[in-house]
Every structure is written in C-alpha cells, then in structure tokens.
Amino acid sequence: MIIRRVKSIRVLGVRVDAVDTEETLERIEELLRSGGHHLVATVNPEFVMRARRDPEFHRVLESAGLCLPDGWGVTWAARRQGQPLPERVTGVDLIPALAARAADRGWRLFFLGAGPGVAEVAAEQLRMRFPSLIVAGCHSGEAGPLGDEVSLGMIAEAHPDIVLVAYGAPLQELWIVRNLERLQAGVGIGVGGAFDYLSGKVPRAPAWLRRLGLEWLYRLARQPWRARRMAVLPVFALEVLRSRA
Ligand code: UDP
C-alpha cells in the first residue's frame, strides 16, 4: 500500500509535519492499514537541537511515519518562517484523542515506560473515560537494549496495534526504531512524560500558562533538574531568530 506523504516544513533543518490532531489520527490509521511498522515522534525544540548535533537522531526523525509539532517553540519558529502550523500536537493531548479513536476502531494499545505502576494508572483513567478502550498491557521496562527481550515478549503476548513509549527523548525514539521490525505493532509513538500527567503523578501547567506558551517555565519551576536539558532553548531561539527561513 502506498502511504500518502504529509506536508512537512523544516525548523532549523529538522522535519516537522504540518498536521493537526484530526489529521494525525487519520495518518495513524493510514500507517496501521499500510501493514508496516512506523515511528511517530513529537518534535519540540529539544528534539530539533539534538537532531542538529546527532546525525543518527536526525535520520530517525527523517524515517518517521509522523513528526508531530509538539513544543511551543516549534510552532513559534514555523510562524516566524511564514509557514504557520495548524496547531500543537503534544503527546499528552494526543493520547485521549487517540484513545477515543482506538475505542471506536477496536485498536489495541500497549503502554511502555514511565515509573513502575504509572502507566497502569494512566490506562485506568483513560478506561474510565472510554470504557471500550483496550489497553492490552502496561510495562515500565528498561529504556536500554538490556530490557528489550522482556518488553518485546510482553508486547508480543498483548498483540497491540499501537505501542506508546514513555522513556523521554531520544531514548524512546531509539527504543522504537531499534525494535520496530520485531515489534508486532504497526505504530510506536514516543510520548515523553504523558503517562505522568495522565495518571496525575505530575500536575500539568494551567491552561492559561500553556496558552501563553509558558508551559516550559512551569515545568522548570516544578522540576528544576530540567534546567540542564532546557539550556538548549535560548540557543534554539537565537538560531531561529538568526535563520532566514
Ligand atoms: N523514563 C523511564 N525510564 C528511563 C527514563 C525515563 O521510564 O530510563 C520515563 C520517566 O519516568 C517519564 C518519561 O520517561 O515518565 C520521560 O518524561 P519527561 O517528562 O522527561 O519527557 P518529556 O515529556 O520532557 O519528553
């Protein structure tokens, strides 16, 4: 089956697909029907900066079935380039929409990653909202290759259509690409801290702060260890301001 190409833009040379939530769900459906195995990544400025210095990660994003416009910085950069994106599609916002679609279509989900027990609570919360949703399995597992055999065994037993992987970038994307062929699921989505939010383990920034594009500041205030990772954000902003398109 031929998979339609989605419209993509480049932010500092890194691929971002111009899709909204509805198009994302349609594209995921198409990827599932195609019969192959596909990565779905949620691209934020940290991804962009990593892909610029890490050719392997750059290739991983190029090969993805979808590169969703996640971080506010990415949509800002796109607007500045005169290529506005339809909306932000973050992992944590996508999951309930995906769960609704999965419940309707009978797609089976598997939740991999996050701290012990966290994915189970996230799955339970989603099942309360979408009673016919099938979360076929949850496993905290290990992000590195040493945990692959156990995780793949559990996933194989659960027969999911979609595996959501919460190990943070780039571990989750590398996990998916490393195991893509052996993963008996059509789509693997890297979802970062989404299970932490959905389970209520970590509170999400209030909507008004998110609207102002200040979610990162809230996360930094609550989790100061993020400062090191976020050090790339001013560099990202400067490079975008310097770039012509
Ligand atoms: N995580 C994990 N194993 C690891 C590293 C991370 O399970 O070896 C989980 C962590 O518990 C969290 C998620 O991966 O649930 C990453 O969350 P983070 O908020 O850092 O991701 P972001 O949303 O910023 O990409």
Side-chain angles (χ1 to χ4, degrees), residues 3-32 34 36-78 83 85-95 97-98 101 109-114 143 155 160-181 183 185-198 215-216 229 232-233 236:
I3 304 174
R4 193 172 44 92
R5 275 193 76 82
V6 287
K7 186 172 168 260
S8 299
I9 65 159
R10 301 262 149 199
V11 171
L12 299 180
V14 176
R15 176 182 153 201
V16 181
D17 297 336
V19 288
D20 60 16
T21 305
E22 184 52 36
E23 285 165 320
T24 300
L25 296 173
E26 280 167 24
R27 172 75 172 173
I28 288 174
E29 186 148 13
E30 219 172 88
L31 295 174
L32 286 173
S34 77
H37 307 281
H38 308 273
L39 163 70
V40 173
T42 54
V43 179
N44 63 27
E46 288 171 32
F47 278 60
V48 171
M49 296 311 281
R50 173 172 292 273
R52 278 165 74 75
R53 61 170 197 275
D54 177 349
E56 188 193 348
F57 192 56
H58 197 281
R59 271 196 300 278
V60 162
L61 294 183
E62 288 297 321
S63 73
L66 260 178
C67 284
L68 300 177
D70 182 332
W72 182 84
V74 167
T75 50
W76 165 74
Q83 299 173 302
L85 293 162
E87 68 179 4
R88 273 181 73 187
V89 186
T90 67
V92 64
D93 294 322
L94 175 64
I95 292 176
L98 180 70
R101 184 66 59 99
L109 306 187
F110 191 99
F111 290 2
L112 181 69
I155 294 169
D161 301 290
I162 301 173
V163 181
L164 306 184
V165 185
Y167 287 135
L171 290 175
Q172 59 199 17
E173 287 75 24
L174 297 179
W175 190 98
I176 294 168
V177 168
R178 183 171 72 240
N179 293 303
L180 205 51
E181 290 304 317
L183 200 61
V187 170
I189 312 179
V191 296
F195 298 154
D196 294 337
Y197 296 120
L198 291 170
E215 187 165 17
W216 62 272
R229 266 171 57 180
V232 296
L233 296 185
F236 170 83

Taking all atoms of both residues into account, what is the closest heavy-atom pair of Asn44 and Gly71, and its distance?
CB-N, 3.6 Å
Applying side-chain contact (heavy atoms from CB on, under 4.5 Å) to Leu98 and Ile28, what does each step give before you reach the verdict?
CA-CA 9 Å; Leu98 180 70; Ile28 288 174; 4.1 Å; yes
Answer yes if the side chains of Asp17 and Ser8 hold a donor-acceptor pair under 3.5 Å, and no otherwise.
yes
Checking Arg27 against Glu30 for the salt bridge (Lys or Arg N to Asp or Glu O under 4.0 Å) test, could you report, in this order, the C-alpha distance in whole Å, the side-chain angles of both residues, the deciding distance, and whether it holds?
CA-CA 5 Å; Arg27 172 75 172 173; Glu30 219 172 88; 3.5 Å; yes
Is there a side-chain contact between Ile95 and Phe195 (heavy atoms, below 4.5 Å)?
yes
Output for pair (Met49 CE, Asp54 CG), nearest 0.5 Å, gives 13.0 Å
Does any N or O in the side chain of Arg52 come within less than 3.5 Å of the main-chain N or O of Leu12, such that one atom is a donor and the other an acceptor?
yes
Under 4.5 Å between any side-chain heavy atoms of Ile189 and Val165, yes or no?
no
For Phe236 and Gly73 the tightest heavy-atom approach is CE2-O, 3.5 Å
So do the side chains of Ile9 and Val11 get within less than 4.5 Å of each other, counting heavy atoms only?
yes
Is any side-chain heavy atom of Thr42 closer than 4.5 Å to a side-chain heavy atom of Val89?
no
Could you tell me which non-hydrogen atom of Asp161 sits nearest to which non-hydrogen atom of Ala185, and how far apart they are?
O-CB, 3.5 Å
Would you say the side chain of Val74 lies within less than 4.5 Å of the side chain of Leu85, judging by non-hydrogen atoms?
yes
Could you walk me through whether Thr21 and Asp93 pass side-chain contact (heavy atoms from CB on, under 4.5 Å), step by step?
CA-CA 9 Å; Thr21 305; Asp93 294 322; over 6 Å; no
Any side-chain heavy-atom pair from Pro160 and Leu109 closer than 4.5 angstrom?
no
Determine, for Glu22 against Arg101, whether the closest basic-nitrogen to carboxylate-oxygen distance falls under 4.0 angstrom.
yes
The salt bridge (charged side-chain N to carboxylate O under 4.0 Å, His left out) partners of Glu46 (sequence neighbours excluded) come to Arg229
What distance do Leu68 atom CG and Thr24 atom OG1 have between them, rounded to the nearest 0.5 Å?
4.5 Å
Within a strict 4.5 Å, meaning less than it, do heavy atoms of the Val40 and Leu31 side chains meet?
yes
Check the pair Ile162, Phe110 against side-chain contact (heavy atoms from CB on, under 4.5 Å), reporting the backbone distance first and the verdict last.
CA-CA 6 Å; Ile162 301 173; Phe110 191 99; over 6 Å; no
Answer yes when Arg88 and Glu215 have at least one side-chain N-carboxylate O distance shorter than 4.0 Å, and no when they do not.
yes
Out of curiosity, His38 NE2 to Ser63 OG, how far, rounded to the nearest 0.5 Å?
11.0 Å
Do the non-hydrogen side-chain atoms of Pro69 and Val19 ever get within less than 4.5 Å of each other?
yes
Ignoring hydrogens, what is the shortest heavy-atom contact between Ala143 and Trp175? Give both atom names and the distance.
O-CD1, 3.5 Å
What pairs of residues pass the side-chain hydrogen bond (donor to acceptor under 3.5 Å, both in side chains) test when at least one of them lies in residues 162-174, not counting sequence neighbours?
none
Shortest non-hydrogen contact between Gly91 and Ala194, atoms and distance
C-CB, 4.3 Å
Decide if atom CH2 of Trp72 counts as having more than 12 heavy atoms of other residues, nucleotides or ligands within a radius under 6.0 Å.
yes
Is the side chain of His37 donor-acceptor paired with the backbone N or O of Leu183 at a distance under 3.5 Å, no angle test?
yes
Nearest heavy-atom approach of Cys67 to Arg15 is CB-O, 3.6 Å
Salt-bridge present (Glu62, Arg10; N to O < 4.0 Å)
yes
Once side chain to side chain contact (heavy atoms under 4.5 Å, CB included) is applied, do any residues pair with Val177, and if so which ones, sequence neighbours excluded?
Leu39, Val60
